[in-house]
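The structure under discussion appears below in the form of structure tokens.
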Amino acid sequence: MQAFLRDSAEFLPILLQGVGLTVAVTLGALVLSTMLGLVWVLLRVSGVPALAAASRWAINVIRGIPIIVQLFYIYFVLPDFGLALSALAAAIIGLGIAYSAYQAENFRAAIEAIEHGQIEAAQSIGMGWALTMRRVVLPQALRVALPPYGNVMIMLLKDSSQASTITVAELALQGKLIASSTFKNTTVYTLVALLYLCMSLPLILLVGRLERRLGRRRAA
Amino acid sequence: MIEIAGLHKKFGEHVVLRGITATIARGEVVCVIGPSGSGKSTLLRCINGLEHWHAGSVRIDGVPVLPHDRSIRTVRAAVGMVFQRFNLFPHRSALENVVEGPIFVKREPRAAAEARGRALLARVGLAGREAARPEQLSGGQQQRVAIARALAMQPKVILFDEPTSALDPELVGDVLGVMRALADDGMTMLVVTHEIAFAREVADRVLFLDGGVIVEEGAARQMLGAPREPRTREFLHRVLHPI
Ligand SMILES: Nc1ncnc2c1ncn2[C@@H]1O[C@H](COP(=O)(O)OP(=O)(O)OP(=O)(O)O)[C@@H](O)[C@H]1O
Ligand SMILES: [Mg+2]
């Protein structure tokens, strides 16, 4: 135990640097995937068949390619076309694009959960498409989408470790580097797991609360 | 004010309106009665372009209603609609529901819109409930908020689609009372309803719709008291003597 604590004190500062990158990748990809996901879903519900089809195809293609391959593509292939990105930027963009498909599906389910009578009520007072979305549909859909959004955040936090495959020294990769140079696998990976839990457990508890609140509202 | 001419509407192969022609004058209160599935809601929804149709025309003050044209927004802003299931915005308070249209569609200043909104809520008997959420209000109160929301747009006409059908019986009277007061104030109203007593007391005219056509129309008291058509007679008998 004492050895564990001594080693922990030594490894933690390095691992915390990894935590910083994990948080950066997660938050960056979260923002990007949210914005892109909103674009996909707004195209999808635009009522313009060509835009809806384009959105459906974009989502299918994104969902059909493993995240790791998307990361490789952005980091290793795009430079051949003159677009060289830092590893961190490539990770954020890759995960952001990959997750935009999940975000879009989540947003779409939330929008479709809104009663059609709401849209008719909005139209009946003269609202156009954009105003109906902004004032009536999206605010209500947001509440429905919040718990699954939290779940996407948790998945994204864990999937941010895939950035290690394109040399981003986030938490998992830092752990691997320390472990392979010190051979203290147990200590290092226990710390890595605990650090992930420190970040994910609060999110998991928050999602549970949001789900219960939404359930109560539905029942009312 | 509203001129409907030769309106035909089908859902797929199912013909719902088979040539409706009717006129509603300014200040008139017209009730539409008829059996379930006869096309009453569909007719109402064509008037503000919530449905499109296959032949015929609707004009409001001479302006054609074109469901797929941008101009439909202007039409809808001037035509109020009250739904059977209220359709209040659940994420907004009573007052916010009422001022939503004036502020965001008509771009009125918030302070003026809210002052008018409060007055409208008072007019439908809901002074003091401005901050209540729809879920905190009874069905009858929600429907009165919905009427205030329609009135807030200062419409030329209000369309009511069975406004009391989803209400507990003891709450029906409050809503009908508000509608009667509106009629007395000269509001033009087109009301789909099964409340025959209301139609007799408040309406100027009644249209009886069956199978997508207007089978009979006439002055309310005369037509409800002594219908000419057998189908009207049979329908009224069924509504007035359900057992
Ligand atoms: N969106 C729709 N798609 C397909 N059929 C529809 C649709 N809306 C209405 N209908 C059909 O059109 C016919 C007329 O419907 P409508 O709602 O206008 O009747 P209604 O007279 O209002 O009846 P109720 O008294 O039950 O409200 C019905 O047979 C109905 O099933
Ligand atoms: Mg109906």
Side-chain angles (χ1 to χ4, degrees), chain A residues 38 41-43 45-53 106-150 209-220, chain B residues 41 44-45 47-51 67-92 96-107 113 133-136 142-143 145-155 157-161 166:
Chain A
L38 268 176
V41 78
L42 287 176
L43 293 178
V45 300
S46 64
V48 182
L51 295 182
N106 171 24
F107 295 154
R108 187 165 70 93
I111 286 176
E112 285 174 356
I114 306 302
E115 258 183 77
H116 195 62
Q118 289 291 308
I119 295 169
E120 296 194 337
Q123 290 178 331
S124 79
I125 54 174
M127 288 190 175
W129 184 85
L131 207 50
T132 301
M133 279 294 149
R134 180 161 73 81
R135 295 291 306 171
V136 177
V137 175
L138 291 182
Q140 293 185 65
L142 194 71
R143 282 167 215 211
V144 182
L146 217 49
Y149 189 80
R209 274 182 56 171
L210 289 173
E211 276 171 349
R212 278 196 299 280
R213 218 178 63 189
L214 195 74
R216 268 207 306 280
R217 200 184 292 258
R218 287 250 173 85
Chain B
S41 298
L44 225 56
R45 294 160 55 81
I47 294 172
N48 70 350
L50 285 181
E51 301 285 358
H68 295 304
D69 192 79
R70 282 178 71 91
S71 66
I72 193 66
R73 292 187 211 169
T74 324
V75 170
R76 288 178 182 148
V79 177
M81 185 146 194
V82 173
F83 300 87
Q84 184 173 352
R85 306 213 53 91
F86 331 133
N87 297 0
L88 290 182
F89 304 130
H91 56 305
R92 306 201 186 281
E96 287 169 338
N97 266 276
V98 174
V99 299
E100 184 72 18
I103 292 178
F104 291 95
V105 177
K106 286 188 155 179
R107 304 193 162 280
R133 297 260 159 180
E135 67 192 21
Q136 299 168 323
Q142 290 188 51
Q143 193 60 299
V145 174
I147 293 174
R149 176 174 69 181
L151 284 171
M153 296 299 287
Q154 298 173 306
V157 51
I158 304 185
L159 313 172
F160 293 84
D161 191 0

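Naming: A, B, ... by sequence-line order, numbering from 1 per chain.
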Using non-hydrogen atoms and a 4.5 Å limit, figure out which bit of [X] sits close to chain A: side chain, backbone, both or neither.
{"X": "B:Ile72", "result": "neither"}
{"X": "B:Arg70", "result": "neither"}
{"X": "B:Phe104", "result": "both"}
{"X": "B:Val75", "result": "neither"}

Let me confirm one number: the [atom1]-[atom2] distance from [X] to [Y], rounded to the nearest 0.5 Å.
{"X": "B:Leu44", "Y": "B:Asp161", "atom1": "CG", "atom2": "CG", "result": "5.5 Å"}
{"X": "A:Glu211", "Y": "A:Leu146", "atom1": "CD", "atom2": "CG", "result": "10.5 Å"}
{"X": "B:Arg149", "Y": "A:Ser124", "atom1": "CZ", "atom2": "OG", "result": "6.0 Å"}

Practice item. Provide the full list of salt bridge (Lys or Arg N to Asp or Glu O under 4.0 Å) pairs with a residue in residues 116-141 of chain A, sequence neighbours left out, each pair given once. Key: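 For residues 116-141 of chain A, and leaving out neighbouring residues, the salt bridge (Lys or Arg N to Asp or Glu O under 4.0 Å) pairs sorted by first residue read A:Glu120-B:Arg45, A:Arg135-B:Glu100.
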
Practice item. Heavy atoms only, distances under 4.5 angstrom: which of B:Arg73, B:Lys106, B:Met81, B:His91 has the most pairs with chain A? Name it, please. Key: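 Ranked by heavy-atom pairs under 4.5 Å with chain A, first place is B:His91.
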
Check your understanding: Which of the residues B:Gly101, B:Ala146, B:Pro90 is involved in the greatest number of heavy-atom pairs with chain A at under 4.5 angstrom?
Key ->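 Looking at each of B:Gly101, B:Ala146, B:Pro90 in turn, B:Pro90 comes out on top.
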
Review point. Excluding sequence neighbours, so at least two apart, what forms side-chain hydrogen bond (donor to acceptor under 3.5 Å, both in side chains) with A:Asn106?
Key: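 By the side-chain hydrogen bond (donor to acceptor under 3.5 Å, both in side chains) rule, A:Asn106 matches no residue at all.
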
